[in-house]
Protein chains: 4
Amino acid sequence: MSVNKVILVGNVGKDPEVRYLEKNLAVANFTLATTERGYTTQSGIQVPERTEWHNIVAWRGLAELSEKYIRKGSQLYIEGKIQTRSWEKDGIKRYTTEIFADTIQLLGKKPESTEPLSTVAAPPADAIQAPPHAEDDLPF
Amino acid sequence: MSVNKVILVGNVGKDPEVRYLEKNLAVANFTLATTERGYTTQSGIQVPERTEWHNIVAWRGLAELSEKYIRKGSQLYIEGKIQTRSWEKDGIKRYTTEIFADTIQLLGKKPESTEPLSTVAAPPADAIQAPPHAEDDLPF
Amino acid sequence: MSVNKVILVGNVGKDPEVRYLEKNLAVANFTLATTERGYTTQSGIQVPERTEWHNIVAWRGLAELSEKYIRKGSQLYIEGKIQTRSWEKDGIKRYTTEIFADTIQLLGKKPESTEPLSTVAAPPADAIQAPPHAEDDLPF
Amino acid sequence: MSVNKVILVGNVGKDPEVRYLEKNLAVANFTLATTERGYTTQSGIQVPERTEWHNIVAWRGLAELSEKYIRKGSQLYIEGKIQTRSWEKDGIKRYTTEIFADTIQLLGKKPESTEPLSTVAAPPADAIQAPPHAEDDLPF
DNA sequence: TTTT
DNA sequence: TTTT
């Protein structure tokens with residue numbers, strides 16, 4: 001009885017980092033910028049442009065395709081879900097919010113390859129998600 | 001050239017906290033839970049249910065309506081955008097990710113009031129967003 | 001390089017019609033109403049409430065679950081895609097636009113069954129879509 | 001208590017037609033193509049690529065900006081709602097489904113103008129919608 | 001902290 | 001034809 005859906009269109013901050021875990025499970029991390037235009041309110045206040053940086057995580061097929069086709073500056077459409085995880089540093093609990101990608105689409109220019117990336121649908125939930133223990137071991 | 005959109009359906013964790021800032025500017029904060037069902041992978045691994053808690057922020061008219069109609073347990077449809085802000089504690093920079101609501105819909109049961117909440121569209125961007133300095137002063 | 005996505009929250013007009021085609025392929029059809037509230041413009045014009053009726057089509061597992069859990073009046077969240085097909089009557093070509101459901105969620109009241117429907121994710125594209133010839137034969 | 005939302009990313013079929021009605025109310029019509037890639041099912045059946053053509057309608061500011069910046073081939077992100085209207089021809093009632101745009105974003109190449117189009121948010125509902133009688137008179 |  |  002829940003929906004947790006994110007839709008982003010933005011530009012990649014730098015080339016994805018892709019790691020291969022046990023059993024060749026691929027995971028890619030990169031950031032995506034979305035920018036809201038600035039504007040002036042009716043009362044004359046200037047609200048400046050604002051850029052939001054999203055931490056994107058892509059698994060398996062989407063990670064492999066990120067490695068091949070996504071570069072710094074790429075314009076992407078991403079569908080995914082919000083997930084916040086906690087970690088400790090110096091005994092202090094901290095939180096990081098990430099977007100787990102279900103779908104990634106390269107926008108703008110068409111890719112050059114003969115077999116172009118275009119719609120990359122995630123595998124079914126059962127496949128895209130690492131088993132719990134594997135997730136615990138992720139070297140984030 | 002950007003899209004930053006979140007769509008959530010979930011349940012409210014506790015009654016909203018509503019504050020009135022300068023000029024009767026209302027802001028509401030509450031949490032919304034979205035729960036993914038657990039499942040068993042093909043290889044027999046049990047993936048447990050997982051609840052994600054989202055920090056929702058609603059301004060002005062949406063804040064006032066939150067105060068009137070939203071309660072712990074309410075099932076809501078929310079559209080909004082992701083926004084991460086930083087703050088310092090003990091000299092350490094920390095980050096909080098929030099969902100700024102643009103639209104809130106009460107689902108399920110019909111509200112009891114005579115004048116029911118149903119579709120609460122946010123005012124235009126120019127109106128819903130606090131001026132930058134006001135935001136800096138928010139007692140989050 | 002395309003996105004065709006529909007998100008609806010509304011109420012079912014009447015009980016779904018479910019048919020079983022060859023190989024027990026299930027397909028469900030039902031209508032979903034979304035209602036925009038009326039309002040008065042700044043210049044004093046009354047814009048009345050407006051109801052839009054969407055033709056929903058659900059395949060396979062989603063069709064079977066529609067048969068079990070969806071009834072006239074059910075409040076649903078649906079994700080899907082728009083698809084228009086043409087047909088002929090009296091030598092005149094006509095068009096019908098339908099929403100092919102990828103995800104259906106029952107909102108509001110909890111279902112009564114022991115094994116409740118809640119998130120019904122569609123099978124992967126490869127599975128949910130009838131083969132072309134099968135589609136040609138559908139008795140719509 | 002309803003949501004009627006469409007999200008499209010696709011390419012414009014031909015230059016928008018823009019008309020100016022009474023009081024300089026602008027309305028633009030154009031088509032947008034979304035294409036699903038073909039694939040082969042597990043049982044070896046080839047499902048061909050499929051293109052869906054959407055009839056887009058944009059009002060007021062969005063219509064004016066369509067006239068200036070949108071051309072045949074433009075890649076767009078559109079948010080809007082589904083609306084079906086009926087009309088008669090030869091005494092036969094027919095139906096047309098259209099997408100009323102709330103947001104249009106030009107994707108890909110950045111626009112050349114100094115003051116670039118990028119996010120074009122629709123005016124509030126009260127403003128974007130033609131009064132009922134005006135709509136009745138639309139020369140569609 | 002919700003809900004199923 | 002639903003729902004508010």
Side-chain angles (χ1 to χ4, degrees), chain A residues 1-4 82 84 86 95, chain B residues 8-17 28-39 48-56 65-66 69-78 99 104-121, chain C residues 8-17 28-39 48-56 65-66 69-78 99 104-121, chain D residues 1-4 82 84 86 95:
Chain A
M1 319 268 277
S2 286
V3 174
N4 174 355
I82 302 175
T84 298
S86 62
Y95 297 88
Chain B
L8 303 173
V9 175
N11 295 282
V12 173
K14 50 185 175 182
D15 290 357
E17 289 178 27
N29 290 268
F30 58 93
T31 54
L32 188 85
T34 56
T35 303
E36 278 185 276
R37 309 190 74 193
Y39 57 91
E49 179 181 286
R50 187 180 192 289
T51 293
E52 180 74 24
W53 286 98
H54 308 270
N55 301 307
I56 310 295
L65 285 150
S66 298
Y69 297 110
I70 294 175
R71 295 289 172 271
K72 174 179 174 174
S74 295
Q75 188 184 34
L76 302 181
Y77 170 94
I78 293 182
I99 308 303
I104 298 180
Q105 302 236 23
L106 267 173
L107 301 175
K109 59 199 176 245
K110 40 184 159 180
E112 296 106 45
S113 118
T114 336
E115 183 79 310
L117 169 69
S118 70
T119 307
V120 184
Chain C
L8 304 173
V9 174
N11 295 281
V12 173
K14 49 185 175 181
D15 291 356
E17 289 178 28
N29 290 268
F30 59 93
T31 54
L32 188 85
T34 56
T35 303
E36 278 185 277
R37 308 190 76 191
Y39 58 92
E49 178 182 286
R50 187 181 193 289
T51 294
E52 180 74 24
W53 287 97
H54 308 271
N55 301 306
I56 311 294
L65 285 151
S66 298
Y69 297 110
I70 295 175
R71 294 290 173 269
K72 175 179 174 173
S74 296
Q75 189 184 34
L76 303 182
Y77 170 94
I78 293 182
I99 308 302
I104 297 180
Q105 301 236 24
L106 267 173
L107 300 175
K109 56 193 179 251
K110 41 183 159 180
E112 297 106 45
S113 117
T114 335
E115 182 78 311
L117 170 70
S118 71
T119 306
V120 184
Chain D
M1 320 267 278
S2 287
V3 175
N4 174 356
I82 302 175
T84 298
S86 62
Y95 296 88

Nucleotide E:dT2, atom P - distance to CZ of B:Arg37 in whole Å: 19 Å
pi-stack flag for B:Trp53 and E:dT1, centroid dist under 5.5 Å, interplanar under 30°: yes
Minimum heavy-atom distance between C:Ser66 and C:Pro16, given as atom pair plus value: O-CG, 3.8 Å
Spacing of B:His54 atom NE2 relative to E:dT2 atom P, expressed in whole Å: 15 Å
B:Asn11 side chain, from C-beta outward: closest of E:dT1, F:dT4, E:dT3: E:dT3
Minimum-distance nucleotide (side-chain atoms of C:Thr35 versus E:dT4, F:dT2, E:dT1): F:dT2
C:Glu52 CD - F:dT1 C1' separation (whole Å): 14 Å
Length of the CZ-C1' vector between B:Arg71 and E:dT2, whole Å: 15 Å
Check: A:Ser2/B:Glu36 side-chain N/O donor and acceptor closer than 3.5 Å: no
Separation of atom CD in B:Glu36 from atom P in E:dT4, rounded to whole Å: 18 Å
Sugar-phosphate only, base, or nothing, as touched by C:Thr34 at under 4.0 Å among non-hydrogen atoms: nothing
For atom CZ of B:Phe30 and atom P of E:dT2, their distance in whole Å: 16 Å
Polar pair under 3.5 Å, donor/acceptor by atom type, side chain B:Thr51, base E:dT2: yes
Selected nucleotide, minimal atom distance to B:Lys14 side chain, candidates F:dT2, E:dT1, F:dT4: E:dT1
N or O in side chain of B:Lys72 less than 4.0 angstrom from E:dT1 OP1/OP2: no
Nucleotide nearest B:Glu49 (side chain, heavy atoms from C-beta), chosen from E:dT2, E:dT4, E:dT1: E:dT4
Whole-Å gap separating P (E:dT1) and CG (B:Asp15): 14 Å
Pairwise distance CD1(B:Ile56) to CD1(B:Ile78) - rounded to 0.5 angstrom: 4.0 Å
